[in-house]
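First the structure, in the form of structure tokens, and then the observations on it.
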Amino acid sequence: MTDSAVGETLTMRLHLWFERDEKIFLGIGRALLLEKIEEYGSLRQAATEMKMSYRAAWGKLKAAEESIGKPLVQKVKGKGQRYELTPVGRQLARQFMQLQQDVEAFAKTKAQELFGDNVQYYADAYPEHKLSSLKPE
């Protein structure tokens with residue numbers, strides 16, 4: 001299909017996640033929640049930033065930890081209710097976000113081959129929804 005056949009710009013969205021025993025192991029929502037906890041040091045602020053309740057964020061975090069079998073966040077000693085990612089949490093979030101970016105790049109290239117250059121990925125259309133704030137170590 002060519003650009004002229006499609007007309008306007010197309011925005012592509014993907015949803016990638018891993019399951020274990022038919023339960024979500026890790027997906028974009030949980031990876032983004034981990035990133036926001038790392039960024040703000042606060043589960044409450046991470047939840048607010050993601051437009052979800054504290055209870056929902058806590059539930060997603062605990063479900064992820066149960067599925068993974070290891071803690072993903074830890075309290076920062078002496079700083080009240082401050083949190084940071086554990087090494088496991090940081091690694092899983094970083095690896096998932098890298099995979100997500102790699103899959104998106106491949107899918108965008110393939111979609112442009114099939115539908116023309118007027119295909120853009122969601123992050124290109126809405127740059128304010130950046131996918132990753134975790135910096136490589």
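- M12 has its side chain within reach of K108: a pair of non-hydrogen atoms, C-beta onward, lies under 4.5 Å apart.
- No donor-acceptor distance shorter than 3.5 angstrom exists from the side chain of R44 to the backbone of Y54, with no hydrogens or angles considered.
- In this structure the side chain of N118 never reaches within 4.5 angstrom of the side chain of E8, judged on heavy atoms.
- A donor-acceptor contact closer than 3.5 angstrom links the side chains of Q120 and T11.
- Here the side chains of L16 and F96 are in contact, with some heavy-atom distance below 4.5 Å.
- The aromatic rings of W58 and Y83 are tilted relative to each other, their planes meeting at an angle between 30° and 60°.
- Although no hydrogens or angles enter the test, the distance criterion places no donor-acceptor pair under 3.5 Å between the side chain of R90 and the main chain of E84.
- For E19, the side-chain contact (heavy atoms from CB on, under 4.5 Å) criterion is met by W17, not counting sequence neighbours.
- The salt bridge (charged side-chain N to carboxylate O under 4.0 Å, His left out) contacts involving residues 46-63 comprise K62-E65, where partners must be two or more places apart or lie in separate chains.
- A donor-acceptor contact shorter than 3.5 Å links the side chain of R30 to the backbone of I24.
- Taking the side chain as every heavy atom from C-beta outward, L32 and M50 approach each other to under 4.5 Å.
- Every residue meeting the side-chain hydrogen bond (donor to acceptor under 3.5 Å, both in side chains) condition with K75, not counting sequence neighbours, appears here in chain and number order: Q81.
- At a threshold of 4.5 Å between non-hydrogen side-chain atoms, the residues Q91 and L85 do not count as touching.
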